[in-house]
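What follows is a short report on a single structure.
We count ligands from 1, going down the list as the structure has it; atoms in each ligand are counted the same way. None of these values were measured; they are calculated from a predicted model.
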Amino acid sequence: MSQPALSNLPSTQQDIRLTARTSFVIHPNFAVTMRLLVLGAALLLPAVSSALSWTATPFSPPSYPLAVRSPYLSAWLPQGSGTALNGAWPQFWTGSTLGWAGFVNVDGSSYSFLGDPAVSGATFSKATQKSAEFTSTQSTFVLTAGGIDLTVTFLSPVEPSDLLNQSIPFSYLALSAASNDGSSHSVSVYSDISAEWVTGDDSLTANWSTTTGDTIFHQVQLEDQTEFGEINDHTQQGSAYYATLNTNGVTHQTGQDIVVRAQFINKGVLANSQDTSFRAVSDEWPVFALAHDLGTVSGTSATVVYAIGHVRDPAIQYIIADNQIQQRNLYFWSRFSSVTDVLSTFLGDYENALARANAFDAQISSDASSISSDYAEWVALSVRQAFGAIEFTISKDSSGNFNTSDILTFMKEISSDGNVNTVDVIYPSWPIFLYTNPAIGKYLLLPLFEYQATGQYPNGWSVHDMGAHYPNATGHNDGNDEPMPLEESGNMLIMTLSYVQAASDTSLITSYYKLLDQWTQYLIQEALIPANQISTDDFAGSLANQTNLAIKGIIGIRAMAELANLVGNSDESSNYTSIASSYVTQWQGFATSSDGKHLTLNYNNDSSWGLTYNMWADKLLKLNLIPESVYEMQTAWYTTVEAQYGVPLDTRHTYTKTDWQTYTAGIVTDTTVRDTFISALNAYAADGENNAPLSDLYYTTNGEVYQFRARPVVGGHFALLALQAAESSA
Ligand SMILES: *[C@@H]1O[C@H](CO)[C@@H](O)[C@H](O)[C@H]1NC(C)=O
Ligand SMILES: *[C@@H]1O[C@H](CO)[C@@H](O)[C@H](O)[C@H]1NC(C)=O
Ligand SMILES: *[C@@H]1O[C@H](CO)[C@@H](O)[C@H](O)[C@H]1NC(C)=O
Ligand SMILES: *[C@@H]1O[C@H](CO)[C@@H](O)[C@H](O)[C@H]1NC(C)=O
Ligand SMILES: *[C@@H]1O[C@H](CO)[C@@H](O)[C@H](O)[C@H]1NC(C)=O
Ligand SMILES: *[C@@H]1O[C@H](CO)[C@@H](O)[C@H](O)[C@H]1NC(C)=O
Ligand SMILES: *[C@@H]1O[C@H](CO)[C@@H](O)[C@H](O)[C@H]1NC(C)=O
């Protein structure tokens, strides 16, 4: 992207900003860097927000989550330097358009408030956006339309304490109108979705129906579906739903976009009619609309609630023993017998769901504020994105009944390659699950354990992922998964011990001891002098003797010592403990620069350095394996290499990672350095340069995205809260 925000700034501010940019390269002097960062924040951020004609609380992110609950229900409002809710179409995480339009009719005049529709033959204005706000679970916009202010709330519930509820693939849109001039106004509201919600190819044919009962809902799907298929990352299976409770004053209609929208714009009410000439998504764009007459509004109206969602069944195919494939269903099916049931419960539960969401938002905000207000904003932006990449499933037993003891969680490696349950994507996402409910971590690891325990995966190290493309968790019996042997073996051991410590549940150790020990043997062979290989940061290239990879492996060995001890294998435990401590001493020798100022990126290379974020696991697991002096050395070093938007990942590139910087912020020994990391991350998120769901990979020099978007690894932004939780459970 070019620099959209700059053109909106008065020229003096542009000059200041350009000067600031060119002077922020890499500063050898920490004091200068700190001062410039403070200056940068003071000059840069208000300049960007002053270009907005509405207030953005806490700031304007690259993209607002609107309905983000699964890899296939993922609707966002791109921002760049600032885009009103009615200034662009919502987008799927890939950037493809999702038709979602909204109008409000006030005293006979219509205003658009959502999406960017053009409607020939009907006259309307755009409502004027006054504010935009995000919390962990909600994005809320207020727009003025004549004599009323319309509050538009997008609530994507995050329900870590009830995983069945979390598995319901629906999200809320709630509307309420309030008089803004003390007078009474006659108000009706409208919204619709297009068939773009059911495919990644708009030339395909969709069909649809409308059902009226306790709820009124539209259902739309592809006429020709591919089970477990995707086109351009959209599922090609299942149905999209748009629903509301069937209260007084609700009308509905399906038909061509401009026809249905003109009907509401001109009449303030829909025709309760259906267009049954099923056709391609883009052929006279069929839309599925619902409208509510709010009557006369003098104070604040009742709240109108819509549910939007996408349901596919079965959801996942999963490899079990003997190369058999099991089809798995979303967990909610064990409580509900039809989508109609789910919809009426989900819509009826809105006020409670909102109260739960507000409590959850407040808890996160209060916990994170104990670190800093910047940190509270940083984690709030990450929650829906992380939870929006996972799904909770159950299986059926041999008599066809759902087995609710068999919960498995699946994660899509969104945007990088679509792999299923990638170990080194679960690992950077891990902190949010540890913080919200460690059982989620267990359910994410279980498919990997179960599969490798069948003996079908041929390699001695841990598999990289459960399948090359979501939602096919069909394994890698050929052993040709992306090879990250040290990375993944270390990750599995670290996450297992982390789960065991957080949940006081040793079932993973007793069930999978053999695998855990097998990976440990691999680490004992390979971790100290790592062969030329990639780490999780595969985009940065492969390298021999990576300091950060070695320490992950060594921590993995030490973690196994704890696991062994927990199940009574004390001899094995003390053997692994002594191997790990001898390795750490040798590692320090190989990995410390000859001037003693920093760890290197690769052994014996004094001019190299990097974020040694893998040391975070030593703190999380409370192993005290690495001497405190190493943490202190690294802390001092980072202050000498900080750029405007953070510390580069390593000396090979100027880009960096949001997750790994947050991990690093969690283990530096100085709170000023910690806070500098977090404020640089926030400055990147708020810089107005980007317009896709938050990317974890961006340039430290200019705050622009390098690649990736919408990945669950933003769950790693909870790294500091996960450490806090681990400390308090000591
Ligand atoms: C789960 O959702 C139901 C509505 O389906 C609601 O009644 C219940 O309170 C929710 N449970 C929790 C623990 O949030
Ligand atoms: C839509 O197409 C599907 C698959 O071909 C079919 O099962 C369903 O009955 C159709 N629905 C309508 C409303 O025509
Ligand atoms: C998943 O596997 C099915 C075959 O079982 C195939 O039709 C589908 O295209 C695969 N999905 C993806 C996303 O590769
Ligand atoms: C249900 O799943 C659990 C966990 O996988 C398994 O141990 C149990 O045998 C299953 N029950 C039935 C009836 O299949
Ligand atoms: C890796 O480091 C070890 C220990 O310093 C050294 O013996 C070995 O030659 C290095 N390997 C490579 C490929 O640089
Ligand atoms: C310690 O573990 C290593 C690696 O498994 C093994 O080779 C060695 O024999 C063990 N030592 C003892 C004393 O058990
Ligand atoms: C040392 O590190 C620098 C910076 O990462 C790199 O350019 C150089 O190739 C490395 N040299 C060796 C011998 O690994």
Side-chain angles (χ1 to χ4, degrees), residues 26 71-72 94 199-201 222 224-238 312 314-319 323-328 391 410 412-414 417-420 460 465-476 489 493 513-514 516-528 530 532 535 537 540-548 553-554 556-558 560-561 563-564 569-583 590-591 593-594 598-612 641 648-655:
I26 291 183
Y72 303 123
T94 56
T199 179
D201 178 352
L222 285 177
D224 261 328
Q225 304 195 4
T226 310
E227 205 166 65
F228 311 114
E230 283 191 350
I231 295 180
N232 296 327
D233 282 289
H234 293 253
T235 181
Q236 301 304 293
Q237 175 194 353
R312 48 193 223 291
I316 296 278
Q317 50 177 343
Y318 172 61
I319 184 168
N323 206 16
Q324 298 296 297
I325 299 297
Q326 179 188 70
Q327 301 202 334
R328 300 185 61 88
E391 296 188 292
F410 292 92
K412 180 171 178 180
E413 185 181 338
I414 287 180
D417 60 17
N419 287 179
V420 185
D465 62 78
M466 278 305 298
H469 213 100
Y470 206 84
N472 292 336
T474 44
H476 289 282
S489 302
L493 288 157
Y513 197 85
K514 208 168 138 237
L516 292 161
D517 197 48
Q518 174 189 320
W519 299 329
T520 306
Q521 300 313 311
Y522 181 82
L523 294 178
I524 291 172
Q525 291 293 317
E526 299 290 334
L528 183 58
N532 190 349
S535 76
D537 306 312
S542 74
L543 191 62
N545 279 336
Q546 293 184 60
T547 298
N548 190 46
I554 298 168
I557 299 166
R558 182 67 184 76
M560 187 63 197
L563 296 171
N569 297 340
S570 50
D571 289 351
E572 208 160 73
S573 175
S574 46
N575 187 21
Y576 295 160
T577 299
S578 69
I579 293 172
S581 26
S582 126
Y583 279 14
F590 296 143
S593 64
S594 34
H598 60 92
L599 294 172
T600 58
L601 169 66
N602 53 325
Y603 294 169
N604 313 315
N605 184 350
D606 280 353
S607 62
S608 73
W609 51 263
L611 293 170
T612 47
V641 291
L649 180 62
D650 61 52
T651 34
R652 289 171 292 181
H653 306 276
T654 58
Y655 55 59

Apply the test side-chain contact (heavy atoms from CB on, under 4.5 Å) to residues Q327 and E227: give CA-CA distance (whole Å), side-chain angles for both, the deciding distance (0.1 Å), then the verdict. CA-CA 11 Å; Q327 301 202 334; E227 205 166 65; 3.5 Å; yes
Nearest protein heavy atom to [atom], by residue and atom, and its distance?
| atom | value |
| --- | --- |
| atom 7 (O) of ligand 3 | T226 CG2, 3.9 Å |
| atom 1 (C) of ligand 6 | N575 ND2, 1.5 Å |
| atom 4 (C) of ligand 7 | T651 OG1, 3.4 Å |
| atom 9 (O) of ligand 3 | G229 CA, 4.0 Å |
| atom 10 (C) of ligand 7 | N605 ND2, 2.4 Å |

Within the structure, does F228 bring an N/O atom to less than 3.5 angstrom of an N/O atom in ligand 3? yes
Please say whether H469 places an N or O atom under 3.5 Å from an N or O atom belonging to ligand 3. no
Relative to ligand 6, is D571 under 4.0 angstrom through side chain, backbone, both or neither, heavy atoms considered? neither
Determine whether the side chain, the backbone, both or neither of Q521 has a heavy atom under 4.0 Å from any heavy atom of ligand 6. side chain
Please check if a non-hydrogen protein atom sits closer than 4.0 Å to atom 14 (O) of ligand 7. yes
Between Y576 and N569, do the side chains contain an N or O donor and an N or O acceptor separated by less than 3.5 Å?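 No pair is found: no donor N or O on one side chain lies under 3.5 Å from an acceptor on the other.
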Between the side chain of [X] and the main-chain N/O of [Y], is any donor-acceptor distance below 3.5 Å?
| X | Y | answer |
| --- | --- | --- |
| T547 | T600 | yes |
| T520 | L516 | yes |
| Q236 | H234 | yes |
| N472 | T474 | no |
| D650 | W609 | no |

Need the ligand 3 atom indices (1-based, order shown) with element for anything under 4.0 Å from a heavy-atom of Y470.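 Near Y470, meaning under 4.0 Å from one of its heavy atoms, ligand 3 has 13 (C).
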Atoms in ligand 3 with a heavy atom of N472 nearer than 4.0 Å: 1 (C), 2 (O), 3 (C), 8 (C), 10 (C), 11 (N), 12 (C), 14 (O)
Determine the interplanar angle of the F410 and Y318 rings, folded into 0 to 90°, and report it as parallel if under 30°, tilted if 30 to 60°, perpendicular if over 60°. perpendicular
After noting the C-alpha distance and the side-chain angles of L543 and R652, does the key distance pass the side-chain contact (heavy atoms from CB on, under 4.5 Å) rule? CA-CA 11 Å; L543 191 62; R652 289 171 292 181; 4.1 Å; yes
Identified side-chain hydrogen bond (donor to acceptor under 3.5 Å, both in side chains) counterpart of K412 within the set D233, D417, N419: D233
Would you kindly specify which portion of D650 sits under 4.0 Å from ligand 7, judged on non-hydrogen atoms: side chain, backbone, both or neither?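 For D650, no heavy atom sits under 4.0 Å from ligand 7.
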Ligand 6 atoms in contact with I579 (distance to a heavy atom under 4.0 Å):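 Here the atoms of ligand 6 in question are 1 (C), 2 (O).
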Pick from E230, Q327, Q317: the one approaching atom 5 (O) of ligand 3 most closely through a non-hydrogen atom: Q317
Does the N or O separation between S608 and ligand 7 drop below 3.5 Å for any pair? no
Could you go through the side-chain contact (heavy atoms from CB on, under 4.5 Å) check for Y72 and Q237 one step at a time? CA-CA 10 Å; Y72 303 123; Q237 175 194 353; over 6 Å; no
Under 3.5 Å between any N/O of Y576 and any N/O of ligand 6: does that happen in this structure?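 Min N/O separation from ligand 6 is not below 3.5 Å for Y576.
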